[in-house]
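These notes concern the structure reproduced below.
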Protein chains: 2
Amino acid sequence: MPTTTHSPITTTRHGVIHNWSRTLIPTTKDAPTDAESPSHRLLARAGFIRRVTAGVYDYLPLAWRTLTKVSAIVREEMDAAGASELFMPVLVPMEFYEGTRRHEAYGDLLFKLEDRKGVKTALGPTHEETITELVKGSVSSYKSLPLNLYQIQTKFRDEARPRAGLLRCREFIMKDAYSFHVNVEGKGGLNDAYDAMYRAYTNIFTRCGLDFTAVEAESGPIGGSASHEFMVNCEAGEDTILTCPASGYAANVEKCETGPRPSDLMSAPAGELHEVHTPNLPGIEQVGEFMKVKPRNMLKTIVFKASGNQSIKWVLATVRGDHDVNEGKVKSASGCTIELAPEKEAIAAGFAIGYVSPMTLKGRTDTLLLIDPDAAPVSEKPCFWATGSDKKDHHVKYFNWKRDVGEAVLNDPTKAKVADVRNAIEGDPSPKVPGSKLVAKRGIEVGHIFKLGTKYSEAMDFRILNEKQERQAVIMGCYGIGVSRTMAACVEMSHDENGIKWPLPIAPYHVIITPMSVDPTSAAMKAACELSGALSRAGFDVLVDDRDERPGVKFKDADLIGIPIRLTIGDKALAENAVEFKLRSDANSKGDLVKIDAVVSKCLSVANG
Amino acid sequence: MPTTTHSPITTTRHGVIHNWSRTLIPTTKDAPTDAESPSHRLLARAGFIRRVTAGVYDYLPLAWRTLTKVSAIVREEMDAAGASELFMPVLVPMEFYEGTRRHEAYGDLLFKLEDRKGVKTALGPTHEETITELVKGSVSSYKSLPLNLYQIQTKFRDEARPRAGLLRCREFIMKDAYSFHVNVEGKGGLNDAYDAMYRAYTNIFTRCGLDFTAVEAESGPIGGSASHEFMVNCEAGEDTILTCPASGYAANVEKCETGPRPSDLMSAPAGELHEVHTPNLPGIEQVGEFMKVKPRNMLKTIVFKASGNQSIKWVLATVRGDHDVNEGKVKSASGCTIELAPEKEAIAAGFAIGYVSPMTLKGRTDTLLLIDPDAAPVSEKPCFWATGSDKKDHHVKYFNWKRDVGEAVLNDPTKAKVADVRNAIEGDPSPKVPGSKLVAKRGIEVGHIFKLGTKYSEAMDFRILNEKQERQAVIMGCYGIGVSRTMAACVEMSHDENGIKWPLPIAPYHVIITPMSVDPTSAAMKAACELSGALSRAGFDVLVDDRDERPGVKFKDADLIGIPIRLTIGDKALAENAVEFKLRSDANSKGDLVKIDAVVSKCLSVANG
């Protein structure tokens, strides 16, 4: 392996010097009308991206420079972790999905076409099937494993609602890696590779200059047994992360566990059960408003259809009205394979969908009720609960567990049990440190690693001979980074009202030089030429704003495109053999005068510190 | 601009060290059954590529390393020539073709799909329309020009008959550049950019280690006014290049001019005109065989429909039976816009298609006849000619120009003239140096540069304000390199019966080290480790064959994958502190013993010399 230089500046590589007028940086005052997120607005205004069609963008030279720097960091860390780069085609024959049925899971998200001969082909949304076909056709013995293969390539998903510029688009750039193993544990096993990828991802996002959190995640539709997401911390992010400050534990909202929450199913009622007619009210908010009850005093009960357990046909999950049922937790607490009950089937089975209450349990022998602790908390005062009345268009007030469901049922663990079945929220007890509470923050997912296990190898019959000369399914992992998304997430994380603030390692240029005169014979332009040469030899990428524009326009544009170091060359400073030195990150500074022969060392100290 | 180091070895960059067992190099004895060309056969056998579906390939790690090196050279030279890199999407909205109608010109070659909303979209075969839309939306003044923008990106063409592996496939990697100008001549004009691209292409293919010829070419369906192709010289190439050794002139067969060829329309007949019944004979070969006449003694006359000239509705071109009419030359000799005559229209106008002779000219006033000099050569003996008889299923023998077409017609330049209207062939007089003859060789096209002029800007209404504040159509050039094709062409050019012979600059690794023992504690493996470290520090990319395989298998594989420098480490040589040093290009050598501490300098002398 080559030793990689982690500083954004390598002293062995010369930086580039580009003139603004000879490249394409079309800054604009106005953002596209559909640009609602800061990264979309700023990347468009700063001339990084242009829309080609819904969710499809040109990456202009500035964007391409940043994407190239992100990709270079990704490559160095993937190579250092022992992965090999290759390149798979965009076109994926539909027949590759015969075993995995993923074309069904993807549905309309998959772009599909027929070629001139009528052969059905997809545009790859990821490449599990293609790489499994490749390795299956190339490797037959355990001796050739482990392998970790990756590519940086354009991916396609026909999103119903592409939005937020590069954050959710239909054509995007992704690094996807796939590892192949004989064992899960031990040297060369899946766990080793997974841990190496975890470290590589941590290095990658750190080197890109991102503020991020690695969180435990549900593995979702890709399948598999374990998974982490890498989230850029950012208030405008669409995902919620829960963290325990005391332990560093972090998980996304679907995955996050909570510490023990006490419960009491035997508390006394707050009043007589009382039915209310609640017609034409579409949701719990409206029902609560009509009944003058806060959602936190209501109970909602979700019906799941169960399989995999002969005696349980239905699983009910009851949570507080302001909480969300977590399907993964319902699945593990019930021990059943579950799916949200199809409405018709559930109604036919006697559930008044929309009005279901825990009372529906009475007399049923095929149903398990899971009660979230917060739906039956320990309380000094009697709890007031409103809930459905198991009858269309009707709810009840003053529901009480013991009186209305019955002690016998509540004490029979084959019929009802208390379990954590909701999404975690801020303030929940930490699952790791007693007394510590979970804190919520927002993030944007930029990386995701999965232990796939044998999901794909079983579906595609990829078996090899192991050391004992037995045929076994190959064990796989997969590891993705949204490369174009990382650029956008960085802008979401790091900008102000004037524009982008690039971290030095992935800035399109490290330094922008603005000479006050662009006449090639002027002292300012000559100094710009000398300085850019010296900076380039020190490894800095330099953009010289040689446009014949007013200084105000140039300064506004420099703020907008977000180059970290700005040098302004005017006659007054030049008379003192100095230039004005200003950091983009330091928005309020007027800039310092720095002697010309000290500029390179000043820039190096910024780069290295 | 950074100074670029043109040696394949940069002393400032560490090379990589990879172990064969930890990457994917699945060599095989047998080539795919459909592999008819050497590059297809060898790239498949050496584990560079695997077929995914017709004309669609995975690039495995070795191929990707070579493609990355080709791309790096392309980028350095494009950047040094002042071009800026960007990246456009694969998806091209069909509405982009409304102005240029190129979707009609491409026809079935264009991959097309409908998204979930029914919007029609193509997979980009090239990006003239996308980049014109982008620059049109970004640039409004001459001050922002010239611009030269390029990308390295995956392209799609739904070839009817993909073949020869990467030489003609349906998904491939291309570098495409587009330049934009206000003027053709002068500083910043199209001619400047075109010449810069010509030099950059010459640098690129030279630095890749290719033996190539730059040839004048017809601009073809992309349109425009001037064009050169860059051809890798290679006997198995599908294109014919004609060169004048005396002047260095080179052109492809469609474009190549010839020097003057004398002609004589007034020579005496060789016999009486004599009609022959020739039914059911599909082509000139069959007619000749039946009539016992060689094709070189036959005349064939092609009918074109003309437009752009009021008095000429049809243009006929008569060439010798063994020659091919050249449409471009017919066009310029006639001064008309022409197309091959639609059969029905031509028959309705009185042409006996398939049996047309120059005699059909008699009595027509709407037709111009162009006679290739070789169809009426200067000859001591009377020429014998067979030709059609302007009557279905009939030909004539003993055709004579003067007697059968008539002196008056042949002397009237509005009716008939002698002109070069055929493809050039080997042995033709050079157009550049009197007395020199054209020599034919075969080649594979890897690059093509075009002066487009205003073809696209007019069609897409891309106009800007010039220095005189007048709106004018922007002048464009476009410049392509087949990146994946370059790799395959290199294999066609440089291989033997045992495998590929990579030129050092684009070899996946510079050095392969084969230790005779792969036990990590063995002296051979320890020496391999030390040597690979030293070579890497000197900038060499090293592959260590650490597989537990017999030496014979390893040597065969090393030949097959074609790494330029091979070091074998065995106990006998090690006892003398030496290793066996062998060049792949030197197939017959047994290898030299080289002292271990002299290996790096020996490798450097190979790299630099």
Side-chain angles (χ1 to χ4, degrees), chain A residues 1-3 12-18 21-24 26 47 50 52-54 56-61 63-64 67-68 79 82 84-93 108 111-113 115-116 119 121 123 130 133-135 137-139 143-144 147 149 154 156 158 160 170-171 536 548, chain B residues 1-3 12-18 21-24 26 47 50 52-54 56-61 63-64 67-68 79 82 84-93 108 111-113 115-116 119 121 123 130 133-135 137-139 143-144 147 149 154 156 158 160 170-171 536 548:
Chain A
M1 282 301 135
T3 53
T12 53
R13 188 188 70 86
H14 282 200
V16 303
I17 304 170
H18 288 167
S21 73
R22 292 285 69 80
T23 185
L24 183 64
R50 283 291 181 271
V52 169
T53 183
V56 178
Y57 292 87
D58 289 320
Y59 302 111
L60 275 62
W64 190 245
L67 291 170
T68 300
D79 293 348
S84 294
E85 188 170 357
L86 45 54
F87 197 73
M88 290 178 278
V90 165
L91 299 176
V92 178
D108 283 346
F111 278 108
K112 289 170 279 271
L113 60 83
D115 69 13
R116 70 196 298 156
V119 177
T121 309
L123 307 190
T130 302
E133 279 288 332
L134 169 63
V135 180
S138 306
V139 164
K143 287 186 194 172
S144 304
L147 270 180
L149 301 166
T154 301
F156 298 84
D158 195 1
R170 301 199 299 162
E171 177 171 345
S536 154
D548 186 13
Chain B
M1 283 300 137
T3 53
T12 53
R13 187 188 71 86
H14 283 199
V16 303
I17 304 169
H18 289 167
S21 72
R22 290 287 70 78
T23 185
L24 183 64
R50 283 289 182 271
V52 169
T53 183
V56 178
Y57 292 87
D58 289 320
Y59 302 111
L60 274 62
W64 190 245
L67 291 170
T68 300
D79 292 348
S84 292
E85 188 170 359
L86 45 55
F87 197 73
M88 290 178 278
V90 165
L91 298 176
V92 179
D108 283 347
F111 278 107
K112 289 170 279 269
L113 60 82
D115 69 14
R116 68 197 296 157
V119 177
T121 308
L123 307 189
T130 302
E133 278 289 331
L134 169 63
V135 180
S138 306
V139 164
K143 286 185 194 172
S144 304
L147 271 180
L149 301 166
T154 301
F156 298 83
D158 195 359
R170 301 199 300 161
E171 177 172 347
S536 154
D548 186 12

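Just so you know, these numbers come straight off a predicted model, no measurement behind them. Residue numbering restarts at 1 for every chain, and letters A, B, ... go by the order of the sequence lines.
Residues Leu24(A) and Leu134(B) meet the side-chain proximity criterion, which asks for heavy atoms closer than 4.5 Å. Side chains of Pro26(A) and Val139(B) form no contact here, defined as non-hydrogen atoms less than 4.5 Å apart.
Using a 4.5 Å cut-off between heavy atoms, Ser138(A) contacts chain B through both its backbone and its side chain. Of the two parts of Val92(A), neither the backbone nor the side chain holds a non-hydrogen atom closer than 4.5 Å to a non-hydrogen atom of chain B. Heavy-atom distances place the side chain of Leu147(A), and not its backbone, under 4.5 Å from chain B. Both the backbone and the side chain of Glu85(A) come within contact range of chain B, with heavy atoms under 4.5 Å apart. Heavy atoms of Leu149(A) lying under 4.5 Å from chain B belong exclusively to its side chain. Heavy-atom distances place the side chain of Arg50(A), and not its backbone, under 4.5 Å from chain B. With a threshold of 4.5 angstrom between heavy atoms, Thr23(A) approaches chain B through its backbone and through its side chain. With a threshold of 4.5 angstrom between heavy atoms, Ala63(A) does not approach chain B through any atom at all. With a threshold of 4.5 angstrom between heavy atoms, Phe111(A) approaches chain B through side-chain atoms but not through N, CA, C or O.
Among the candidates Leu91(A), Leu67(A), Leu60(A), the residue making the largest number of heavy-atom pairs closer than 4.5 Å to chain B is Leu91(A). Per-residue heavy-atom pair counts under 4.5 Å with chain A were compared for Ser84(B), Pro89(B), Ala160(B), Pro61(B), and the maximum is reached by Pro89(B).
When each of Leu123(B), Val90(B), Leu113(B) is tested with Phe156(A) by the rule side-chain contact (heavy atoms from CB on, under 4.5 Å), just one qualifies, namely Val90(B).
Remark: Asp58(A) pairs with no residue by the salt bridge (charged side-chain N to carboxylate O under 4.0 Å, His left out) rule, at least two apart or across chains. A search for ring-ring contact (aromatic ring centres under 6.0 Å, His included) contacts involving Tyr57(B) returns His40(B), not counting sequence neighbours.
Although no hydrogens or angles enter the test, the distance criterion places a donor-acceptor pair under 3.5 Å between the side chain of Asp158(B) and the main chain of Arg116(A).
Between Lys143(A) and Arg22(B), the closest heavy-atom pair is O-NH2, 3.8 Å.
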- Verdict with reasoning, Asp115(B) to Thr53(A), per side-chain contact (heavy atoms from CB on, under 4.5 Å): CA-CA 11 Å; Asp115(B) 69 14; Thr53(A) 183; over 6 Å; no
